[in-house]
Amino acid sequence: MEFKKEIEQLVQDYADAVHTQDEKAFKSLWTGEDTNIEISGTRLFRGLESIYQDFLIDLIQKRYSSIYLINDGLKAYLLTEDVAVVVFEYHTECIIRENGQSHGIEGLETQVLKKTKEGWKIAHIQYHGKDIVPGNSAG
């Protein structure tokens, strides 16, 4: 499979796993190394168990009853034969668990990927976003 197609599929699989919060699917996308890190605008999650439990379950699942992460266009850069960087703009479509209201975030995400014997896997994610105010449009 072509490099960019593989990377696009990995990003889509990540978005799907964030939506379904399926532990096996989510964890299978990562290298599983002690150095796995996810950085949000305000928090740092070290190690795959923390990324899954503290980020996806304790932070995301507790806040949203539904979350869709939508890739709004990505660029993938092959740094070496087994390391790549992906940068993409995104937005989310969420339902706030507490009140059932729609909520959205738009931002920029960077993923560092490592090629393993199982294919490309996530080693690191950093993202920044801002709330989308309903009824307002940029421009």
Side-chain angles (χ1 to χ4, degrees):
M1 184 184 292
E2 174 192 334
F3 168 71
K4 188 167 183 193
K5 295 279 185 210
E6 287 181 74
I7 301 309
E8 287 173 342
Q9 186 61 57
L10 179 62
V11 169
Q12 185 58 54
D13 291 346
Y14 177 76
D16 292 345
V18 167
H19 173 70
T20 65
Q21 298 165 5
D22 178 90
E23 182 175 8
K24 184 177 179 182
F26 184 82
K27 288 181 174 180
S28 75
L29 301 172
W30 292 79
T31 65
E33 298 169 325
D34 293 340
T35 55
N36 288 161
I37 293 176
E38 183 150 350
I39 301 171
S40 72
T42 59
R43 295 189 57 190
L44 170 69
F45 306 93
R46 289 186 193 275
L48 186 51
E49 199 53 45
S50 175
I51 294 167
Y52 176 73
Q53 187 61 49
D54 301 335
F55 166 71
L56 192 62
I57 301 303
D58 292 347
L59 183 66
I60 300 298
Q61 188 181 69
K62 284 184 180 175
R63 179 147 194 224
Y64 303 113
S65 59
S66 175
I67 180 169
Y68 288 94
L69 173 64
I70 295 116
N71 167 8
D72 291 326
L74 69 76
K75 294 185 180 180
Y77 305 94
L78 191 58
L79 302 181
T80 68
E81 66 182 36
D82 63 348
V83 176
V85 173
V86 177
V87 179
F88 63 96
E89 293 182 43
Y90 71 87
H91 73 276
T92 66
E93 296 174 0
C94 310
I95 303 296
I96 297 173
R97 186 174 298 283
E98 182 179 294
N99 59 21
Q101 292 183 338
S102 295
H103 179 75
I105 300 167
E106 62 184 8
L108 185 67
E109 183 162 318
T110 302
Q111 297 184 357
V112 177
L113 309 178
K114 183 176 179 182
K115 191 164 195 173
T116 70
K117 61 184 176 185
E118 292 89 26
W120 289 101
K121 301 285 183 176
I122 301 167
H124 174 91
I125 292 177
Q126 183 164 1
Y127 68 93
H128 301 280
K130 63 179 181 178
D131 291 341
I132 300 170
V133 179
N136 285 359
S137 59

Inset, instruction - Using the test salt bridge (charged side-chain N to carboxylate O under 4.0 Å, His left out), find all partners of K117 that sit at least two apart in sequence or belong to another chain. - result: none
Inset, instruction - Only pairs at least two apart or in different chains count here, so list each salt bridge (charged side-chain N to carboxylate O under 4.0 Å, His left out) that has a residue in residues 83-93. - result: none
Inset, instruction - Only counting residues at least two apart or in another chain, list the ones meeting side chain to side chain donor-acceptor pair (under 3.5 Å) with S65. - result: none
Legend entry - Sequence-distant partners of E98, side chain to side chain donor-acceptor pair (under 3.5 Å), two or more places apart: none
Legend entry - ring pair (Phe, Tyr, Trp, His ring centres under 6.0 Å) partners for H19, two or more places apart: Y68
Legend entry - All pairs passing salt bridge (charged side-chain N to carboxylate O under 4.0 Å, His left out) where residues 35-48 contributes a residue, at least two apart: none
Donor-acceptor list for residues 55-64 side chains, cut-off 3.5 Å, not counting sequence neighbours:
{"residue": "D58", "atom": "OD1", "partner": "Q53", "partner atom": "NE2", "Å": "3.1"}
{"residue": "Q61", "atom": "NE2", "partner": "Q21", "partner atom": "OE1", "Å": "2.7"}

Inset, instruction - List, by chain and number, the other hydrophobic cluster members for I95, where Ile, Leu, Val, Met, Phe, Trp and Tyr join if side-chain heavy atoms come within less than 4.5 Å, directly or indirectly. - result: none
Legend entry - Partner residues of Y14 under the ring pair (Phe, Tyr, Trp, His ring centres under 6.0 Å) criterion, sequence neighbours left out: F26
Legend entry - Residues in side chain to side chain donor-acceptor pair (under 3.5 Å) contact with H103, at least two apart in sequence or another chain: D131
Legend entry - Same apolar cluster: L113 and I37, side chain cutoff 4.5 Å: no
Legend entry - side chain to side chain donor-acceptor pair (under 3.5 Å) involving K4 - partner list, sequence neighbours excluded: none
Legend entry - Qualifying residues under salt bridge (charged side-chain N to carboxylate O under 4.0 Å, His left out), relative to K114, sequence neighbours excluded: E33
Inset, instruction - Find out whether Y90 and I105 are in side-chain contact, i.e. whether some heavy atom of one side chain is under 4.5 Å from a heavy atom of the other. - result: yes
